[in-house]
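A short worksheet on the structure shown next.
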There are 2 protein chains.
Amino acid sequence: MAIINETFKALSDATRRKIIRLLRERDMTAGEIAEQFNMTKPSISHHLNSLKQARLVLDERHGQHIVYSLNTTVVQEVMGWFLEIVSGEEETGREGEQR
Amino acid sequence: MAIINETFKALSDATRRKIIRLLRERDMTAGEIAEQFNMTKPSISHHLNSLKQARLVLDERHGQHIVYSLNTTVVQEVMGWFLEIVSGEEETGREGEQR
DNA sequence: TCCGTATTTAGACGTTCTTCTAAGTATCTA
DNA sequence: TAGATACTTAGAAGAACGTCTAAATACGGA
């Protein structure tokens, strides 16, 4: 699947959008994230995997825990797509700028 | 369904995103839109209905034709949600501004 | 090396989504 | 008012999705 499509699909679920909002505050382990929802851990794990496939989040093992964080680079990129699709803004593509 | 969720779902499909891009160029009838896709008219009609439910497009009958256009007000609003969710920008809520 | 904790993977089940064909509704024109 | 055109609605089939329970894997500590 094209990555852009995967990313929009990832954003189409309310649970996953809430996970993104949580990770905007701070990095969290899978367990900490699961605590915020009325849902089993396997279900949250599945959602985290969707976000990972879409490259919206990154995971890193720290001992027994797996810490999830926002992939800010891709989040910026996605924002560019979104602006392009929804409001007609073209990406400027200025060099040397982080996005 | 919460309208915000419906809107993100509407944006999660590539066909619907292409319809939005087409309507950014100019208003089009259902038939003109359908011509741009390898898909039956009923299928396109269904996608147009999704976009209408999400308030992303408006429709207006002109004789035999139904003309679709972008609902720019809502598109701006959605962009605000998107920025809020994905990049942490809060809406400013400045009064008197159109959005 | 065995046990407990953290997390994922596998498999199943019901729901929602996308698409199709067939049939219906609305409008214009003769 | 009958026929043609534009579009939608209805109903069905298959794929994708979200959730669950049960089982597997990975790691740390006794």
Side-chain angles (χ1 to χ4, degrees), chain A residues 1-23 26-71 85, chain B residues 1-23 26-71 85:
Chain A
M1 200 206 292
I3 185 75
I4 179 169
N5 201 36
E6 210 156 356
T7 307
F8 274 101
K9 284 234 187 300
L11 289 170
S12 73
D13 181 82
T15 300
R16 290 191 291 265
R17 288 197 302 273
K18 182 171 172 186
I19 291 173
I20 289 176
R21 280 196 301 272
L22 289 170
L23 292 179
R26 63 180 179 84
D27 296 356
M28 295 176 87
T29 67
E32 285 173 329
I33 293 168
E35 279 171 17
Q36 307 295 316
F37 297 88
N38 264 334
M39 204 177 284
T40 63
K41 285 182 176 197
S43 297
I44 294 298
S45 183
H46 163 82
H47 285 303
L48 287 169
N49 195 250
S50 292
L51 291 168
K52 210 165 91 180
Q53 293 303 117
R55 299 185 311 153
L56 286 166
V57 305
L58 302 171
D59 63 333
E60 194 175 354
R61 181 174 278 278
H62 284 258
Q64 275 171 300
H65 301 268
I66 296 180
V67 175
Y68 281 88
S69 58
L70 270 195
N71 185 347
I85 286 163
Chain B
M1 199 206 292
I3 185 76
I4 179 171
N5 201 36
E6 210 155 353
T7 307
F8 274 102
K9 283 234 188 301
L11 289 170
S12 73
D13 181 84
T15 300
R16 291 191 291 265
R17 289 197 302 273
K18 182 171 171 186
I19 291 173
I20 289 176
R21 280 196 300 272
L22 289 170
L23 292 178
R26 63 179 179 86
D27 296 355
M28 295 176 88
T29 68
E32 286 174 327
I33 293 168
E35 280 172 15
Q36 306 296 316
F37 296 88
N38 265 333
M39 205 177 284
T40 63
K41 284 185 175 195
S43 297
I44 294 297
S45 184
H46 163 83
H47 285 304
L48 287 170
N49 195 252
S50 293
L51 291 168
K52 210 165 92 179
Q53 294 302 118
R55 299 185 310 154
L56 286 165
V57 305
L58 301 170
D59 63 334
E60 195 176 352
R61 182 175 276 278
H62 285 258
Q64 275 169 302
H65 300 268
I66 297 180
V67 175
Y68 283 87
S69 58
L70 269 196
N71 185 347
I85 286 163

Quiz item: Can you give one letter per nucleotide of nucleotides 24-30 of chain D, 5' to 3': B if a protein heavy atom sits under 4.0 Å from the base, S if only from the sugar-phosphate, - if neither?
Solution: --SBS--
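In this structure, B/Phe37 reaches neither bases nor backbone, as no heavy-atom distance under 4.0 Å exists between it and the strands shown.
Per the geometry, CD belonging to B/Glu32 stands 12 Å off C1' belonging to D/dA6, to the nearest Å. At whole-Å resolution of the value, CD in A/Gln53 and P in C/dT8 are 13 Å apart. What separates CG of B/Leu48 from P of C/dT19 is a distance of 12 Å, to the nearest Å. Atom CG in A/Leu51 sits roughly 13 Å away from atom P in D/dC17 (whole-Å rounding). In this structure, CE of B/Met28 is placed 11 Å from P of D/dC7, rounded to the nearest angstrom. Between the C1' atom of C/dT8 and the CD1 atom of A/Ile44 lies a distance of 13 Å, rounded to the nearest Å. At whole-Å resolution of the value, NZ in B/Lys9 and C1' in C/dT18 are 14 Å apart. If you measure from atom CD1 of A/Ile66 to atom C1' of C/dT7, you get 6 Å, rounded to the nearest angstrom.
Look at A/Ser45 and you won't find any side-chain N or O under 4.0 angstrom from OP1 or OP2 of C/dT9. Note on B/Tyr68: a side-chain N or O is less than 4.0 Å away from OP1 or OP2 of D/dT8. Between B/His47 and the phosphate of C/dT18, there is no side-chain N or O to OP1/OP2 separation shorter than 4.0 Å.
Nearest-nucleotide positions on DNA chain D for A/Asp13 and B/Gly31 put B/Gly31 closer to the 5' end.
Between A/Ile19 and A/Met28 the shortest side-chain heavy-atom distance does not fall below 4.5 Å. The side-chain heavy atoms of A/Leu23 and A/Leu56, taken from C-beta on, include no pair separated by under 4.5 Å. The side-chain heavy atoms of A/Arg26 and A/Glu32, taken from C-beta on, include a pair separated by under 4.5 Å. Put simply, the side chain of A/Gln53 reaches to within 4.5 Å of the side chain of A/Asn49, judged on heavy atoms.
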Polar-atom pairs under 3.5 Å, protein N or O versus N or O of nucleotides 20-22 of chain C: list them with distances, or write none.
unit_1: C/dC20; atom_1: OP2; unit_2: B/Thr40; atom_2: N; d: 3.1
unit_1: C/dC20; atom_1: OP2; unit_2: B/Thr40; atom_2: OG1; d: 3.0
unit_1: C/dC20; atom_1: OP2; unit_2: B/Ser43; atom_2: OG; d: 2.6

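Judged by distance alone, with hydrogens and angles left aside, the side-chain atoms of A/Arg17 form a donor-acceptor pair with the main-chain N or O of A/Leu11 at under 3.5 Å. A donor-acceptor pair under 3.5 Å is formed between the side chain of A/Asn71 and the backbone N or O of A/Arg55. A donor-acceptor pair is defined here as one N or O able to donate and one able to accept, closer than 3.5 Å; no such pair exists between the side chain of A/Lys18 and the backbone of A/Phe37. The backbone N or O of B/Ser12 lies less than 3.5 Å from a partner atom in the side chain of A/Lys9, making a donor-acceptor pair.
Distance check: B/Thr15 OG1 to B/His46 NE2 gives 10.0 Å after rounding to the nearest 0.5 Å.
In this structure, of C/dT8, D/dG18, D/dT9, it is D/dG18 that holds the atom nearest to the side chain of A/Arg16.
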